[in-house]
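The block underneath contains the structure these notes are about, expressed in structure tokens.
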Amino acid sequence: METKYNPKQVEDRIYKGWEEGGYFRAAPNPDKKPFTIVIPPPNVTGQLHMGHALDETLQDILIRYHRMKGEEALWLPGTDHAGIATQIKVEEVLRTEDGKSRHDLGREKFLERVWEWKEKYGDRIINQLKKLGSSCDWDRERFTMDERYSKAVREVFVSLYEKGLIYRGNRIINWCPSCATALSDTEVDYSEQEGHFWHIKYPAKDSDEYVIVATTRPETMLGDTAVAVHPDDERYSHLVGKTLILPLVNREIPVIADEYVEKDFGTGAVKITPAHDPNDFEVGLRHNLEQVKVMNDDATINSFGGKYEGMDRYAARKQIIADLSELGLLVKIEEHTHNVGQCYRCGTTVEPITSKQWFVKMKPLAGPALEVVKNGRVKFVPERFSKIYTNWMENVHDWCVSRQLWWGHRIPAFYCEKCGYTAVSREDITACPKCGGAVRREEDVLDTWFSSALWPFATLGWPDKNEDYDYFYPTSVLVTGYDIIFFWVARMVFSGVEHTGKEPFHTVFIHGIVRDGQGRKMSKSLGNGIDPLEIIELYGADALRFTLATGNSPGNDMRFYTERVEASRNFANKIWNASRFVLLNLDDKVSGKLPEVLELEDKWILTKLNLLIREVTENLEKYELGIAVQKLYDFIWDEFCDWYIELSKPRLGKEGSPQNILVYVLSDILKLLHPFMPFITEEIYSYLPNNSRSIMIEKWPEFKKELDFPAEAGQTELIKSAIKAVRNLRAEMNVPPSKKARLVVVTDDTDTFTKGAPFFKKLAWASDVTVTVDRGEIPENALSLVVEGAEIFMPHGDLVDIEKEIARLRGEEARLIDEIKRVDTKLSNEGFVKKAPPAVVEQEREKGEKYREMLEKVRAGLKNLI
RNA sequence: GGAGGUAUAGCUCAGCUGGUUAGAGCGUUUGCUUGACGUGCAAAAGGUCGCAGGUUCGAAUCCUGCUACCUUCACCA
């Protein structure tokens with residue numbers, strides 16, 4: 001073994017070994033409990049980013065832990081076809097490479113290109129997941145456009161249609177002019193923008209009167225079909241029912257009264273454009289207003305816009321303002337900040353417009369989906385996210401699921417050209433079932449999220465009855481970020497409940513997002529993204545995983561910076577070297593089994609290990625992975641390396657060598673650490689004697705009662721703190737390590753300190769240690785040290801500064817006096833003594849006693865010097 | 001406007017169901033070739049736990065209010 005751990009020489013080889021060993025595979029096994037996670041499928045053409053790295057790391061930790069616990073652990077991987085994202089990407093390539101648009105190619109040819117693209121790049125993200133060490137069952141890799149998966153999508157669509165939960169209607173939707181498709185409400189991001197509030201005069205017909213309306217989108221006035229005022233607004237009541245002349249267009253529009261209008265906002269009069277605003281749309285329905293759509297799909301003005309036809313929406317806006325101004329109808333312009341919706345894929349400002357689309361009726365689906373969370377069949381970790389979920393689900397609107405794209409699941413609706421009947425069918429049809437006429441298939445495809453909502457069961461073979469589905473579904477845990485709760489989690493829940501009658505998972509483990517060192521979101525436009533693959537290249541996958549797991553508390557964002565990865569890398573190196581030490585000190589008698597006779601320090605480390613096993617396990621069960629990994633770090637570095645290895649040194653190579661204990665403890669440590677750092681633990685484990693198995697299929701360590709030695713552990717702690725005190729004394733007195741010194745330990749507990757004597761030599765630079773009860777043996781001219789249970793004297797030559805020693809002891813004295821005061825205040829508080837648990841009171845008393853004793857000794861020491 | 005989060009050492013963050021002398025990593029200072037590790041060892045400095053109340057024998061921890069920052073949903077045209 002080299003002195004430095006080199007992940008590059010290890011990781012790929014080990015991963016290959018796991019794959020060849022078939023350790024990732026899961027299969028229904030009635031003797032075992034299933035544990036299932038379905039991966040949140042990354043975009044098939046995507047690239048691994050830090051968000052994935054975190055998500056996959058957390059999943060792999062859980063999967064590896066449960067696998068070692070003896071459960072049948074299935075981590076089902078796959079990718080998402082990601083409709084808009086992928087289509088945009090391929091269109092871009094088409095444009096730059098061939099200078100063509102998708103329309104130049106036509107639907108079929110274009111889809112061929114997308115599939116080619118998918119074949120070419122689909123593996124990329126999968127291989128990147130492997131780099132992380134992900135223990136997915138690759139034999140079960142799924143893709144949302146697989147034939148089998150598509151069958152599930154179609155089944156769901158048809159069945160919802162048959163139940164009346166899917167309908168086609170002309171309603172207001174969010175339209176992205178750039179992607180040229182409808183979007184659902186969740187696919188629109190709102191951001192505050194500086195805009196204007198234009199006040200425009202609408203003259204009344206046959207009168208000098210007029211109404212001033214205020215708008216942020218003047219171009220939509222071309223489609224106005226009314227002006228609305230509040231019914232109680234006296235300023236306008238005489239105008240209600242009158243007719244206005246819509247400027248520029250010269251259309252006659254009525255003044256209507258509707259409660260939707262707020263009297264105190266703007267001018268109290270609202271122009272109503274039913275075809276271009278969701279609220280106006282509703283008003284229009286209530287008042288039977290005409291819908292005049294004035295825009296084309298690319299957000300240019302259409303023929304209803306008169307002279308503005310062909311202009312882009314913003315050009316039209318400018319021109320309209322200019323024209324109104326010229327006509328003297330522009331009353332005033334106010335600065336106004338308002339929320340503007342943008343397409344979550346391309347950032348283009350979306351345009352609300354009426355359009356004929358397919359919708360999922362949400363109310364009937366939301367009820368049961370709320371119920372499974374309310375009754376705890378689906379639990380969120382942390383709990384608070386169930387509120388966010390519930391709130392969304394309670395206010396959910398119908399879901400627009402049709403997209404004007406080519407890449408995706410084509411909607412299985414067929415329109416009869418003859419009788420107009422719409423057939424929605426599981427099988428493709430060529431003739432109208434009603435009249436036999438020719439049918440034309442719907443051009444639109446489904447929202448990507450419509451298909452990914454089926455992921456937990458469609459990947460397991462649903463709707464076909466089969467063993468996998470029966471065994472692994474419902475899945476156990478879903479691991480994902482909070483940013484995707486509405487998009488995906490909520491939709492999986494109602495889909496699962498509706499189609500399988502079961503919740504798709506029992507637990508939703510939510511994590512935050514990974515931010516850059518300054519706390520900013522990582523983004524392409526900022527260029528502040530950190531490439532996980534680069535980190536792996538530089539520091540190793542284990543270091544990356546460890547960094548992501550450390551300090552990760554559920555639901556909270558984390559900052560990523562390379563200093564932390566370096567710390568993780570150093571930790572890996574530490575383990576590597578501790579293992580080297582253990583391995584270099586083995587002889588041929590090593591068995592890895594614990595010996596009959598255990599020394600004090602052996603019992604101490606075994607007790608600590610027991611505790612560690614319990615804590616790591618408990619925290620993993622609670623999804624507190626950050627705490628679990630922190631405990632491991634502390635134990636390995638502080639307890640095992642800095643203390644136990646040091647304590648073991650004097651006995652090595654002799655009779656009673658602790659080699660088997662070292663191997664035993666190391667072996668358990670590696671197992672506990674394996675879910676977090678799979679590569680290095682596997683590599684080291686392979687060097688340990690007497691095991692030929694992969695660590696990933698070893699049994700998870702368990703708390704062993706017979707290895708719990710609280711008394712001995714306490715004794716060792718006493719020795720440890722005495723050693724620390726001596727080191728501290730020496731450092732303060734500037735005694736260099738090269739200068740060994742004799743120690744006299746005066747104590748009633750000679751047993752403990754006699755056992756500790758060799759360690760003082762080794763770890764506190766003692767030349768010789770005398771342990772005695774006899775105060776007569778206290779040497780002249782000695783520095784004195786008071787620790788719990790003992791006084792330690794260190795004879796000094798002339799080198800030590802007496803003044804300094806007096807000052808040090810005075811400091812000690814003051815500290816102890818403070819402590820005693822604190823304890824006394826507590827104990828003299830009647831309420832405390834009466835009401836606090838007796839154990840706590842007793843503890844406080846003991847503390848007081850201990851401090852008093854120590855104080856006495858410190859004072860005696862002082863007296864000696866003065 | 002609704003809902004939620006965060007505020008602890010110079011920086012980044014732990015601190016679970018109230019009782020430790022409030023912790024870690026990084027950074028800083030000092031010393032060290034101590035039988036694996038300088039990606040290391042030893043020692044240390046550094047905190048009125050955002051502010052103000054309250055509950056309690058006891059609050060960084062629970063409750064209320066305030067302030068600051070951040071999410072998110074809904075939007076007033």
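All of these numbers come straight from a predicted model, not from anything done at the bench. Every chain is numbered from 1, with letters handed out A, B, ... down the list of sequences.
Within the 3.5 Å criterion, the main-chain N or O of A/Trp198 finds no donor-acceptor partner in the side chain of A/His196.
Distance from the side chain of A/Asn728 is smallest for B/rA44 among the nucleotides B/rC16, B/rA44, B/rG4. Which of B/rA24, B/rA36, B/rC32 sits closest to the side chain of A/Pro737 comes down to B/rC32. Here B/rC41 is the nucleotide among B/rG5, B/rA77, B/rC41 with the atom lying nearest to any side-chain atom of A/Trp637. Closest contact between the side chain of A/Ile627 and the listed nucleotides B/rA36, B/rA43, B/rA14 involves B/rA14. In the set B/rU72, B/rC70, B/rG4, B/rC70 carries the atom at the smallest distance from any side-chain atom of A/Arg515. Proximity note for A/Arg559 (side chain, C-beta onward) versus B/rU12, B/rA77, B/rU71: the nearest is B/rU12. The side chain of A/Asn556 lies closest to B/rG5 when the candidates are B/rG5, B/rG2, B/rG25.
The same atom, P, is picked in B/rG27 and in B/rC66; the two are 42 Å apart, to the nearest Å. Taking atom P in both B/rA42 and B/rU33, the straight-line distance is 15 Å, to the nearest Å.
The aromatic rings of A/Trp392 and A/Phe486 sit parallel, their planes meeting at an angle under 30°, below the 60° perpendicular limit. By the 30° and 60° cut-offs, the orientation of the rings of A/His336 relative to A/Phe197 is parallel. Between A/Phe385 and A/Tyr482, the two ring planes are parallel [angle under 30°; tilted spans 30° to 60°].
Residue side chain A/Glu646 does not reach the base of B/rA42 through any donor-acceptor N/O pair under 3.5 Å, judged by distance alone. With hydrogens and angles ignored, no donor-acceptor pair under 3.5 angstrom links the side chain of A/Lys834 to the base of B/rC57.
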Given protein heavy atoms under 4.0 Å, the one-letter contact record of nucleotides 18-23 of chain B, with B base, S sugar-phosphate only and - none, is simply -BSB--
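Residue A/Pro650 is classed as a base contact, given a heavy-atom separation below 4.0 Å to a base. Heavy atoms of A/His336 sit under 4.0 angstrom from primed sugar atoms or phosphate atoms, though from no base atom. Heavy atoms of A/Asp818 sit nowhere under 4.0 angstrom from any nucleic acid atom.
Residues satisfying the side-chain contact (heavy atoms from CB on, under 4.5 Å) criterion with A/Leu584, sequence neighbours excluded, are A/Arg580.
Looking at A/Glu615 and A/Lys631, a side-chain N of the basic residue comes within less than 4.0 Å of a carboxylate O on the acidic one, giving a salt bridge. Taking 4.0 Å as the cut-off between side-chain N and carboxylate O, A/Arg852 and A/Glu849 do not count as a salt-bridged pair. A salt bridge between A/Glu646 and A/Lys762 is absent, with no side-chain N of the basic residue lying under 4.0 Å from a carboxylate O of the acidic one.
Nearest-nucleotide positions on RNA chain B place A/Tyr5 closer to the 5' end than the other of A/Tyr190 and A/Tyr5. With RNA chain B read from its 5' end, the first of the two nearest nucleotides for A/Ile388 and A/Phe486 is the one closest to A/Ile388.
For A/Ser553 and B/rA14, the shortest distance from a side-chain N or O to OP1 or OP2 is below 4.0 Å.
Between the P atom of B/rA42 and the NZ atom of A/Lys739 lies a distance of 23 Å, rounded to the nearest Å.
For RNA chain B, runs of at least 3 consecutive pairs of the Watson-Crick or G-U wobble type, with both hydrogen-bonding distances under 3.5 angstrom, map to B:1-7 with B:67-73, B:10-13 with B:23-26, B:28-32 with B:40-44, B:50-54 with B:62-66.
No side-chain heavy atom of A/Thr3 sits less than 4.5 Å from a side-chain heavy atom of A/Trp576.
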